[in-house]
J.: 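Before anything else, here's the structure in question.
One is the number of the first residue; the rest follow in order along the sequence.
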Amino acid sequence: MNLPSQAGRWLATIPLCLSLTTAPVSAAEPPVVGSDILGMLEHWLDANTDLPARPDLPEIRVVSAQQAALVAGLPGRGHGATRGLYDAQSETIYLVHPWAADDPEDLSVLLHELVHHRQAPRHFYCPAAQEEGAYRAQSAWLAELGLKADLNWIAVILDAGCTPRDIHPD
């Protein structure tokens with residue numbers, strides 16, 4: 001596969017480090033992402049965004065859709081399209097299983113959540129205001145690989161405006 005640009009060269013190195021990226025911390029721990037992959041994504045964010053790196057990297061966990069729904073405080077069974085979450089309080093990224101370090105779209109989810117980790121010290125009017133920047137970074141990273149993010153930009157931008165949705169005149 002011939003991938004364009006620096007992101008493509010980084011992605012091409014991933015098979016060399018997969019044994020590091022999927023090894024459990026212990027038998028009871030979920031798989032973790034290797035520092036080489038995190039370093040590659042952090043370097044990309046340094047070069048392509050104005051968000052400063054944080055002194056500590058987030059903890060990363062791979063969880064089921066149901067566990068992700070619990071973390072997000074969502075009702076139901078977690079069968080939605082959520083592929084990743086960031087909890088600023090615990091500085092933890094939750095990636096929804098199945099997740100693979102050799103899949104560019106899965107890596108883009110991790111990149112999206114790393115943006116949220118970098119955004120955490122800033123104040124946002126509402127949580128949705130953070131999403132536009134994270135989706136823009138994710139989309140740009142995928143574009144460097146010749147891929148297109150499947151996003152509804154109208155919905156992203158409307159949500160980022162933090163305006164009420166159900167406004168009725170009195």
J.: Looking only at heavy atoms, what is the nearest atom pair of Ala68 and Val96, with distance?
T.: CB-CG2, 3.7 Å
J.: Does the side chain of Leu147 reach to within under 4.5 Å of the side chain of Trp141, using non-hydrogen atoms?
T.: no
J.: Donor-acceptor check, side chain of Asp159 to backbone of Ala128, threshold 3.5 angstrom: yes or no?
T.: no
J.: Give me the atom names and distance for the closest heavy-atom approach of His112 to Gln138.
T.: ND1-OE1, 2.9 Å
J.: What pairs of residues pass the salt bridge (Lys or Arg N to Asp or Glu O under 4.0 Å) test when at least one of them lies in residues 85-97, not counting sequence neighbours?
T.: Arg54-Glu91
J.: First locate atom CG of Leu38, then atom NE2 of His43, and finally report the distance between them rounded to the nearest 0.5 Å.
T.: 14.5 Å
J.: Can you check whether Tyr135's main-chain N or O pairs, donor with acceptor, with Ser139's side chain at less than 3.5 Å?
T.: no
J.: Over all heavy atoms of both residues, which pair between Phe124 and Gln119 is shortest? Give the atoms and the distance, please.
T.: CE1-O, 3.7 Å
J.: At their closest point, which heavy atom of Ala134 faces which heavy atom of His116, and how far apart are they?
T.: CB-CE1, 3.5 Å
J.: Could you give the distance from OH (Tyr86) to CD (Gln130), rounded to the nearest 0.5 Å?
T.: 9.5 Å
J.: By salt bridge (charged side-chain N to carboxylate O under 4.0 Å, His left out), which residues pair with Glu131, not counting sequence neighbours?
T.: none
J.: Assess the side chains of Gln67 and Ser64: does a donor N or O sit below 3.5 Å from an acceptor N or O?
T.: yes
J.: Going by heavy atoms in the side chains, are Ile60 and Trp99 under 4.5 Å from each other?
T.: no
J.: Output side-chain donor-acceptor pairs under 3.5 Å for residues 148-157, partner residues at least two apart or in another chain, one line each.
T.:
from: Asn152; atom 1: OD1; to: Ile154; atom 2: N; distance (Å): 3.2
from: Asn152; atom 1: OD1; to: Ala155; atom 2: N; distance (Å): 3.1

J.: Any carboxylate oxygen within less than 4.0 angstrom of a Lys/Arg side-chain nitrogen, looking at Asp50 and Arg118?
T.: no
J.: If we only count heavy atoms from C-beta on, is the Pro58 to Thr92 side-chain gap below 4.5 Å?
T.: no
J.: How long is the gap from CG on Leu142 to CD on Glu105, to the nearest 0.5 Å?
T.: 6.5 Å
J.: So how far is it from Arg136 CZ to Asn48 CG, rounded to the nearest 0.5 Å?
T.: 14.5 Å
J.: Roughly how far, to the nearest 0.5 Å, is CG of Leu111 from CG of Asp106?
T.: 12.5 Å
J.: Once you round to the nearest 0.5 Å, how far does CG of Leu51 lie from CG of Asp46?
T.: 10.0 Å
